[in-house]
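Data first, discussion second: the structure below is written as structure tokens.
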Amino acid sequence: MVSRRTLAALAIVGLVALAGCGASTGGGSDGGAGGGVEQATEIAADTGARATGTPAATQAPEEAGSGASDDVAMPTDRAIIRTGTVAVEVDDFGAAQSNLTTTVEGYGGYVSDTRQDRRQIGNETWIRGEMVLRVPSEEFDALVADAQGLGEVQSVEVNSRDVTDQLVDIEARLENLRAERDRLRELYQQANDTEDVLAVQRELSDVQGEIERLEARQQNLQRQVAYSTLTVRLEEPRPTPNRVAPDRWYDTPVLSAFMQSVDGVVVVARAVVVGFAFALPYLIAFALPVLVVAGLLWRVGRRYLATG
């Protein structure tokens with residue numbers, strides 16, 4: 001069954017044929033008519049290639065060889081996307097966060113995202129979180145150094161990604177698509193039949209959609225190249241009560257030593273009680289009968305000695 005795109009290509013080819021006939025019978029110059037037919041034929045070839053899925057270079061080799069992609073200049077500088085992560089232990093989360101905000105704004109950047117949460121151990125609390133900073137690429141190394149200077153560095157990671165080839169490819173594709181869009185617009189102005197107008201309009205809409213998609217991708221890459229991203233993880237020291245023991249036992253405070261001794265006495269007394277509770281059933285089961293038998297033997301012995 002014939003697809004809708006194939007029908008669209010056939011309709012455009014028919015429109016081109018009609019345009020050629022009108023140009024050959026009209027009163028215009030032969031050179032102008034011939035140029036119009038040649039241009040319309042190229043448009044039809046490009047549109048037919050899009051409808052059938054055949055590459056444009058196969059349909060029109062002259063155009064592919066002399067297209068705008070040959071005019072795209074290779075950039076002299078490489079387009080590098082730089083990202084990094086720095087983890088730092090700081091004494092005061094709020095002060096470090098404020099310091100980083102001031103620093104990145106001084107470099108012409110901004111704070112993209114922030115996150116923080118408060119943790120608790122016993123009655124002690126500490127804060128940890130992270131900041132996502134965007135800074136001009138030329139200031140990235142300076143910002144990394146400033147982030148490391150906030151406290152004790154736990155880890156540092158810096159990554160680079162070269163997207164020069166991607167940007168060149170996108171620009172070449174955009175040049176070709178814009179040229180195709182211009183030719184479709186000219187063909188749209190020449191169309192008289194409703195079906196032909198709709199067919200060209202659909203093709204024009206597809207080309208415009210592809211242009212917008214590539215432009216959005218191009219702009220996103222350019223933003224990432226212009227502004228590097230640094231994620232800074234900040235964390236206050238975790239409180240660990242009584243984690244530091246005195247070097248010598250006699251350096252322990254008197255009250256603390258007394259309380260520790262009281263605790264030791266309670267522990268020993270509890271251990272004795274628990275041990276007796278475990279041993280009591282064995283005493284009842286085994287020791288009591290032995291005591292009863294021993295008592296009876298003792299009484300019998302005393303009677304024997306008394307009567308003897």
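Just so it is clear, the model here is predicted, and its values are computed rather than measured.
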With the threshold set at 4.0 Å, does a side-chain nitrogen-carboxylate oxygen contact exist between Arg119 and Asp117?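 Looking at Asp117 together with Arg119, the answer is yes, because their closest N to O distance falls below 4.0 Å.
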Do you reckon [X] sits in the same ILVMFWY cluster as [Y], going by side-chain contacts under 4.5 Å, direct or chained?
X	Y	value
Leu204	Leu174	yes
Val197	Val207	yes
Phe276	Ile284	yes

Interatomic distance, [X] atom [atom1] to [Y] atom [atom2] [nearest 0.5 angstrom]:
X	Y	atom1	atom2	answer
Asp169	Arg217	CG	CZ	7.5 Å
Asn220	Glu215	CG	CD	13.5 Å
Arg161	Gln224	CZ	CD	6.0 Å
Leu214	Asn176	CG	CG	11.0 Å
Asn159	Ser228	CG	OG	11.5 Å
Glu138	Tyr227	CD	OH	8.5 Å

So for atom CZ, which belongs to Arg270, do other residues, nucleotides or ligands contribute more than 12 heavy atoms lying within a distance under 6.0 Å?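 Atom CZ in Arg270 is not packed in, count stays at 12 or less.
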More than 12 heavy atoms of other groups within 6.0 Å of Arg118 CZ: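 Incorrect, the count does not exceed 12.
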When you measure from the side chain of Thr103 to the backbone N and O of Asn99, does any donor-acceptor pair fall under 3.5 Å?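 Yes, Thr103 side chain to Asn99 backbone: donor-acceptor pair under 3.5 Å.
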Do Arg115 side-chain atoms and Gly129 backbone N/O form a donor-acceptor pair below 3.5 Å?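 Checked: no pair found.
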Pair Gln201-Leu198, side chain to side chain contact (heavy atoms under 4.5 Å, CB included): steps then yes or no: CA-CA 5 Å; Gln201 190 176 19; Leu198 293 176; 3.8 Å; yes
Is any side-chain heavy atom of Arg173 less than 4.5 Å from a side-chain heavy atom of Glu210?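 Yes, close enough: below the 4.5 Å cut-off.
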State, with a plain yes or no, whether a side-chain heavy atom of Arg181 is found less than 4.5 Å away from one of Gln208.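 The answer is yes; the side chains approach within 4.5 Å.
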Side chain to side chain contact (heavy atoms under 4.5 Å, CB included) evaluation trace for Leu221 with Ile170: CA-CA 10 Å; Leu221 289 174; Ile170 290 173; 4.0 Å; yes
Does Val293 sit in a hydrophobic cluster with other residues, and if so which ones, taking ILVMFWY side chains as linked at heavy-atom separations under 4.5 Å, directly or through other members?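 Leu297, listed by chain and number.
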Using a side-chain heavy atom cutoff under 4.5 Å and only I, L, V, M, F, W and Y, what cluster partners does Val158 have?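 Hydrophobic cluster check, Val158: joined to Val86, Val88, Val90, Phe93, Leu100, Val104, Tyr107, Val111, Ile127, Met131, Leu133, Val135, Phe140, Leu143, Val144, Leu150, Val153, Val156, Leu230, Val232, Leu234.
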As a quick check of understanding, evaluate side chain to side chain contact (heavy atoms under 4.5 Å, CB included) for Thr114 and Glu130, giving each step before the final call. CA-CA 6 Å; Thr114 60; Glu130 68 178 26; over 6 Å; no
Chi angles and distances behind the side chain to side chain contact (heavy atoms under 4.5 Å, CB included) call for Arg233, Gln154: CA-CA 9 Å; Arg233 297 192 177 100; Gln154 304 297 318; over 6 Å; no
Which heavy atom of Thr164 sits nearest a heavy atom of Ala79, and at what distance?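 So the minimum-distance heavy-atom pair works out to OG1-N, 2.7 Å.
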Could you give me the CA-CA distance, side-chain angles and deciding distance for Ser112 and Arg134, then say whether side chain to side chain donor-acceptor pair (under 3.5 Å) is met? CA-CA 6 Å; Ser112 175; Arg134 302 294 305 277; 5.6 Å; no
